[in-house]
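Every chain is numbered from 1, with letters handed out A, B, ... down the list of sequences.
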Protein chains: 2
Amino acid sequence: MSLKHSLLVLLSGQPSTGYELSQKYKKAIGFFWQASHQQIYKQLKVLTEEGFLTFEEQRQQGKPDTKRYQITGEGLDELKRWLSSEVKPAKTNDALLVMLYAGTHVDRAVLVKEIQRHKALHEKNLKKLEAIQDLYFSLGKDQQKEYRFPYLTLKRGLLAEKAWLEWATEVIDELSDPNHDLE
Amino acid sequence: MSLKHSLLVLLSGQPSTGYELSQKYKKAIGFFWQASHQQIYKQLKVLTEEGFLTFEEQRQQGKPDTKRYQITGEGLDELKRWLSSEVKPAKTNDALLVMLYAGTHVDRAVLVKEIQRHKALHEKNLKKLEAIQDLYFSLGKDQQKEYRFPYLTLKRGLLAEKAWLEWATEVIDELSDPNHDLE
DNA sequence: CTGGCCATGTAATGCGTTACATGATTAG
DNA sequence: CTAATCATGTAACGCATTACATGGCCAG
């Protein structure tokens, strides 16, 4: 598993609190790694027990105390070890495609509506990614170089969403065509 | 979750044994839903207890007894109910992209090698899907109509793999270019 | 005054992976 | 003789989701 390693990656950049990390999962790397705040807080505890992280407690007014975690030397070693290991290809479990596969059992209008709902979500997602890309393009050359690797992953997200949308558009067209069954 | 529903979908086509189902996950729908044989055998038991499946036992020589499962009326109802529900978009957890994101911490050659390893896997996968597509194209019109929905999902697999490979090719090129850091 | 975001967690349950167990048949 | 495929499972563990718990701040 790599929740562990994605946390180490994020913390290798800068010390962060659980909340800040969970924001990064939502915004920066959410399109290729997702984790809930419950998972994150628990895993931070585990990683600390394993010696890969340490934290400082900070009191805040009106808010619960917070722990700012940072990676240890051991943590960095573990991260580097993992970065040279072989990882498994991402596994996909896509309920929408299961539905479509069984399309003969459903009313076509219902099916098309559900695909359209997903299409709207993917469009929203694509816009978010494009906004990040615009931000990247607006950086100076040096900064672009600094964010080169994140940018390569962003590109993946952009291409993946575009490919998804092209497919969905085709499918919706085909399933919406009233003449389709008639010949 | 939809392991449950993907099983109902597969069994709505024809009664099958656990092994046959696990083959279908590998071959027919594996590119959008994956399940191990351990999960399948366990879930078949659960679905039977819930009244969605029944089975007949069959003795075999030299092999363990086998159960051929079929969907019940209740199972079909449950399937149809699910097919009209809203499902969640597929979640992706892609360890390779986590690695790439942290690319500054790794030796570039190691990183490129790992991406190439994945590329080979995706190429193999694409070939499999293309073989299924060829099979589909070789069918008569009526049969093509019968497999229309599975074909739409197959198209998704093909487009997704092609998009992945284009991306990977670009990334490998860029990371392999020895002049890249020099300017 | 309501809903959303800030902010941190625990507990129960459900799902998925790895390891283990068994044993026959077939292809190289 | 060896590895792969056929064929069916159990058990332990690890990972993910859902529900619950708490409470302040801010915008409409």
Give a yes or no on whether the backbone of B:Y136 and the side-chain of B:Y147 come within a donor-acceptor separation of less than 3.5 Å.
-> no
Main-chain N/O of B:K4 paired to B:S6 side chain as donor or acceptor, under 3.5 Å = no
Can you tell me the distance, in whole Å, between the CD atom of A:Q23 and the C1' atom of C:dA7?
-> 10 Å
Below 4.0 Å: OP1/OP2 of C:dC6 and any side-chain N or O of A:Y19 = yes
Check the distance between C:dC15's P and B:H5's NE2 and give it to me in whole angstrom.
-> 10 Å
Could you state the atom-to-atom distance from CD of A:Q34 to C1' of D:dC15 in whole Å?
-> 15 Å
Of the nucleotides D:dG9, D:dT17, C:dT17, which has the atom closest to the B:K91 side chain?
-> D:dT17
Heavy atoms under 4.0 Å, any strand shown: does B:T17 hit a base, just sugar-phosphate, or nothing?
-> sugar-phosphate
Rounded distance (Å) that lies between atom C1' of D:dC15 and atom CG of A:L47 = 14 Å
For residues B:H118 and A:K88, report the shortest heavy-atom separation together with the two atoms involved.
-> CE1-C, 3.9 Å
Can you check whether B:L152's main-chain N or O pairs, donor with acceptor, with A:W167's side chain at less than 3.5 Å?
-> yes
Is A:K88 touching bases, backbone alone, or none of the nucleic acid, heavy atoms closer than 4.0 Å?
-> sugar-phosphate
Would you kindly compare B:Y69 and A:W33 by the position of their nearest DNA chain D nucleotide and give the one closer to the 5′ end?
-> B:Y69
Take atom CD of B:Q39 and atom P of C:dG14, then tell me their distance rounded to the nearest Å.
-> 15 Å
Is a side-chain donor or acceptor of A:E114 paired with a backbone partner of B:V87 at a separation under 3.5 angstrom?
-> yes
Within this structure, what is the CG-to-C1' distance between B:L3 and D:dT17, rounded to whole angstrom?
-> 16 Å
Passing candidate, ring pair (Phe, Tyr, Trp, His ring centres under 6.0 Å) with A:Y69, options A:F52, A:F55, A:Y41 = A:F55
Fit a plane to each ring of B:Y101 and A:F32, take the angle between them on a 0 to 90° scale, and name the class: parallel (under 30°), tilted (30 to 60°) or perpendicular (over 60°).
-> tilted
Using nucleotides 10-14 of chain D, report all nitrogen or oxygen pairs with the protein that are shorter than 3.5 Å.
| unit_1 | atom_1 | unit_2 | atom_2 | d |
| --- | --- | --- | --- | --- |
| D:dT10 | OP1 | B:K45 | NZ | 3.3 |

Length of the line joining B:L44:CG and D:dT8:P, which is rounded to integer Å | 10 Å
Roughly how many Å is it from NZ in A:K67 to P in C:dT8, rounded to a whole number?
-> 10 Å
